[in-house]
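Proteins come first, then strands; the chains are lettered A, B, ... in the order of their sequence lines, and each starts at number 1. This one's a predicted model, so the numbers in the text were calculated from it and none came from an experiment. No hydrogens, no waters, no symmetry mates; every other heavy atom, side chains included, goes into these values.
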2 protein chains.
Amino acid sequence: MRTVETVTDATSSWDPYEQGCPSRDLLDRIGDKWSILVLGELGEHGTSRFTELRKRLSGVSEKMLTQTLRALERDGLVLRTVHPEVPVRVEYELTPLGHTLRGPLRGLTQWSLQHMAEVLAAREAYDVRTGQTG
Amino acid sequence: MRTVETVTDATSSWDPYEQGCPSRDLLDRIGDKWSILVLGELGEHGTSRFTELRKRLSGVSEKMLTQTLRALERDGLVLRTVHPEVPVRVEYELTPLGHTLRGPLRGLTQWSLQHMAEVLAAREAYDVRTGQTG
DNA sequence: CCTGGGAACTCTCCATCGGTAAGTAGCCAC
DNA sequence: GTGGCTACTTACCGATGGAGAGTTCCCAGG
């Protein structure tokens, strides 16, 4: 675990606007559709099982849920615990690192909730301007 | 159609965890790889031309840059201005609504910058645990 | 012994998406 | 009329995401 004192130095050496910079990959990963929702769910609800998550994130395929969880586990954001019972029980929860993402992520979801109406109106106006149907 | 007067009420009636809810689409759009970078660039640098953006977001294809800008324009986040000169000059800038997204987005990019090292370390540890090569 | 059932995947097939690169439009200088 | 500039648009194609069936592990029931 690094100390936080040298954060400024650490951040100054990466640039997400540069192709090939790892920070762009990371931004892409945490900005991913299902990652945002999985992290949000685990943040609000705490520990969850695979099928619970699948139900709550309505519309996610099992394949994508597995892939997303694996990626988040690899990045140290989610902890995966297998309980060797019958049938097997697998629980997912945020790591301390994962919890530090809750704030920024909540910012995003709250913005989208708060400005839904404006965006919807803008879309309608745009479609009228450009003559789109529906 | 919901009324806009009661923003707090308005946000409570949408749920990005529900399939088909427009807020999920919106979250997906603003959480998009290129959208984050385009909005970030326009936020930091102000008005930019097409080719300027393409240079700064190294690795973006013209197709994706066009698509992203169009989507952001449709959502009322970006203003597109065509100057009928020769050759034509097109400028992009954030709308007031787009500016309200700067904060949440900066939160995300800063998090990714600040925690790069931890994530990179977690990935290495995971790859060692699971026996991946590279 | 064989079937069935629950949880968490894993695999296969197919449609859509993103990247690459070449083509288009409008207009002016040569 | 050929080339050049800017901002796209289009065609092609490999990679990615969704739908759904199959797999593994173990135990209960007939």
State whether [X] places a side-chain N or O below 4.0 Å from either non-bridging phosphate oxygen (OP1 or OP2) of [N].
X: B:Thr51; N: D:dA7; answer: yes
X: B:Trp34; N: C:dC17; answer: no
X: B:Tyr92; N: D:dC8; answer: yes

Rounded to the nearest angstrom, tell me the gap between atom [atom1] in [X] and atom [atom2] in [N].
X: A:Leu53; N: C:dA7; atom1: CG; atom2: P; result: 14 Å
X: A:Leu69; N: C:dA8; atom1: CG; atom2: C1'; result: 11 Å
X: A:Glu91; N: C:dA7; atom1: CD; atom2: C1'; result: 13 Å
X: A:His83; N: D:dC25; atom1: NE2; atom2: C1'; result: 17 Å
X: B:Arg54; N: D:dA7; atom1: CZ; atom2: C1'; result: 9 Å
X: A:Glu62; N: C:dT10; atom1: CD; atom2: P; result: 11 Å
X: A:Arg89; N: C:dG5; atom1: CZ; atom2: P; result: 23 Å
X: B:Asp28; N: C:dG18; atom1: CG; atom2: P; result: 10 Å

Answer yes or no: does atom CD of B:Glu52 have more than 12 heavy-atom neighbours from other residues, nucleotides or ligands under 6.0 Å?
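Atom CD in B:Glu52 is crowded, with more than 12 foreign heavy atoms closer than 6.0 Å.
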
Would you mind telling me which of [options] lies closest to the side-chain atoms of [X]?
X: A:Lys63; options: C:dC9, C:dC11, D:dA7; answer: C:dC11
X: A:Arg49; options: C:dA8, C:dG19, C:dC27; answer: C:dA8
X: B:Ser61; options: C:dG19, D:dC27, D:dC8; answer: C:dG19
X: B:Pro87; options: D:dC8, C:dG26, C:dG18; answer: C:dG26

Rounded to the nearest 0.5 Å, how far does CG of B:Leu26 lie from CG of B:Leu77?
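Answer rounded to 0.5 Å: 7.5 Å.
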
B:Lys33 and A:Asp32 ion-paired at < 4.0 Å
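Between A:Asp32 and B:Lys33 there is no salt bridge, as every charged N stays at least 4.0 Å from the carboxylate O atoms.
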
If we check side chain to side chain contact (heavy atoms under 4.5 Å, CB included) with B:Ser48, which of these qualifies: B:Lys55, B:Arg54, B:Arg56?
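Exactly one candidate clears the test, B:Arg56.
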
Check whether any side-chain heavy atom of A:Tyr126 lies under 4.5 Å from a side-chain heavy atom of B:Glu73, and answer yes or no.
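Yes, their side chains come closer than 4.5 Å.
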
At 4.0 Å (heavy atoms only), tell me whether A:Arg80 reaches a base, stays on the sugar-phosphate, or touches nothing.
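Contact class for A:Arg80: sugar-phosphate only.
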
Please compare B:Thr66 and A:Val88 by the position of their nearest nucleotide in DNA chain D and report the one closer to 5'.
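So the residue in question is B:Thr66.
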
